[in-house]
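Working notes, structure below.
Quick note on labels: first sequence line is chain A, next is B, and so on, each numbered from 1.
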2 protein chains.
Amino acid sequence: MQLTRRAEYAIRTMLDIASNLDDQPLMSKEIAARQDIPPNFLIQIVPELRSAGLIHTVRGSGGGIYLTKKPSEISLRYIVEAIEGPIALNQCLIGEASCSRKPNCPIHEVWALAQRQMLSVLEATTLAGLVDQSQPGKRAGKTSTATDVAGKINNEVELEV
Amino acid sequence: MQLTRRAEYAIRTMLDIASNLDDQPLMSKEIAARQDIPPNFLIQIVPELRSAGLIHTVRGSGGGIYLTKKPSEISLRYIVEAIEGPIALNQCLIGEASCSRKPNCPIHEVWALAQRQMLSVLEATTLAGLVDQSQPGKRAGKTSTATDVAGKINNEVELEV
DNA sequence: CATAAAGTTTACCATTTTACTTAAGTTTAG
DNA sequence: CTAAACTTAAGTAAAATGGTAAACTTTATG
Ligand code: FES
Ligand code: FES
């Protein structure tokens, strides 16, 4: 029931890059140092973020990492699922692999709802919002902070489970 | 990020007992058969539910299991935490074991909120509500179903994280 | 073109968790 | 006293977790 270190490190990495205002790519080693990530662990996570299409990587001397999309288009849910695969609070909530009990299981709806509530928050939170929070005034535009999200959740559209 | 089998089986067990209208204790073996739980696994889970104060057990011939509290007083959250310990979506949300990054971590609030949203659902759902749903008309009284909860969540009081 | 700086790939590793199974108790009704 | 029921304590195979390490490829630069 807990986020893995890999995913936590992935979030820190993405946030670190989003906070970088220069447009030169960042080195994995520097990110690791700034974000308290074991460097040799991070260079294992970086390729996963790349295959997920979240970052571009430049090899060779002078290379590094930069974002593929705008920070406002990258949600926490997206990052977590890039590393851990689809989020599912219970086995029976994964894709169509239904357990035999699903048809008349009274608990199923509850988990589905709990998951929707949780995903709403992770989906409404973008890197842009998080950057704004830690560097107020450095960027303009409408972004959402965690506390904004609290009031906003209830207007969210239905998310598929 | 997923419920363990132990906790899932614990929920099924509690629900099975709550659905039992006779007041004679139920045998672990019978519960296991009805709820598709490996019997030898369940007899390992039962003592945990007992130490958590959720059930009473009667030993010896004719013995079995019955609930300690009324089904309306037992929430899903309570059952899950009896088996898995405190629910925490991220390490830094466990008790006071704060990571060194917490003071200026912009992500922390987000996880805290996501967790509150999820816990609200698990806390608002009681065994009584679930029983009502699968056996309509068999019990009276005000209980809450999963779909009721959906509209109710937003009025919930603040939960500590 | 040699070299160092960067990411890539693959493999390895110890520890813990998970989901069980097994077996030897202990208690109690009948 | 004996069978029925819960209790306790091991044991176990497989997977996940959180890393580490080494060999490889690409590219800028001198
Ligand atoms: S089938 Fe999904 S919770 Fe029971
Ligand atoms: S300290 Fe809790 S998420 Fe960063």
(message) Whether A:R59 contacts D:dA28 is assessed here as follows: a side-chain N or O lying under 4.0 Å from the phosphate OP1 or OP2. Is that the case?
(response) no

Here the distance between atom C1' of C:dA6 and atom OH of A:Y66, to the nearest Å, is 14 Å

- Keeping the roles fixed (side chain from A:E81, backbone from A:I87), state whether a donor-acceptor pair exists under 3.5 Å. yes

A:K29 atom NZ is separated from C:dA5 atom C1', nearest whole Å, by 9 Å

Separation of C:dA14 atom C1' from A:F41 atom CZ, nearest Å, is 14 Å

>> Keeping A:S75 on the side-chain end and A:A124 on the backbone end, is there a donor-acceptor pair under 3.5 Å?
In response: no

note: A:I37, atom CD1; D:dT20, atom P; distance rounded to Å ~ 12 Å

*asked:* Does the plane of the ring in B:Y66 sit parallel, tilted or perpendicular to the ring in B:H56? Use 30° and 60° as the thresholds.
replied: tilted

Rounded to whole Å, CD1 of A:I43 lies from C1' of D:dG18 at a distance of 14 Å

Output for pair (A:L130 CG, A:M14 CE), nearest 0.5 Å, gives 11.5 Å

Checking C:dG7, D:dT7, C:dT21 against the side chain of B:V46 (C-beta onward), the nearest is D:dT7

Between CG of A:L49 and C1' of C:dT8 the distance, given in whole Å, is 14 Å

Result for 5'-nearest mapping on DNA chain C, choosing between A:R50 and A:S61, is A:S61

Using only side-chain N and O atoms of A:Y9, determine if any of them is under 4.0 Å from OP1 or OP2 of D:dG18.
-> no

inquiry  = For C:dT8 and A:T57 - does any side-chain N or O of the residue sit under 4.0 Å from the phosphate oxygens OP1/OP2?
reply    = yes

note: B:D36, atom CG; C:dC20, atom P; distance rounded to Å ~ 12 Å

Here the distance between atom C1' of C:dT9 and atom CD1 of A:I45, to the nearest Å, is 16 Å

Check your understanding: Closer than 4.0 Å, any side-chain N/O of B:R5 to the OP1 or OP2 of C:dT17?
Key -> no

Of A:V58 and A:N40, the one whose nearest nucleotide on DNA chain D sits closer to the 5' end is A:N40

By nearest-heavy-atom nucleotide on DNA chain D, the more 5' of A:L42 and B:S28 is B:S28

Contacts of B:G60 and A:M1 projected onto DNA chain C by closest heavy atom; the upstream (5') one is A:M1

Which of C:dT22, C:dA11, C:dC20 is nearest the side chain of A:Q44? It is C:dA11

Item to complete: Using a cut-off of 6.0 Å, state whether more than 12 heavy atoms not belonging to B:D23 lie near its atom CG.
Response: no

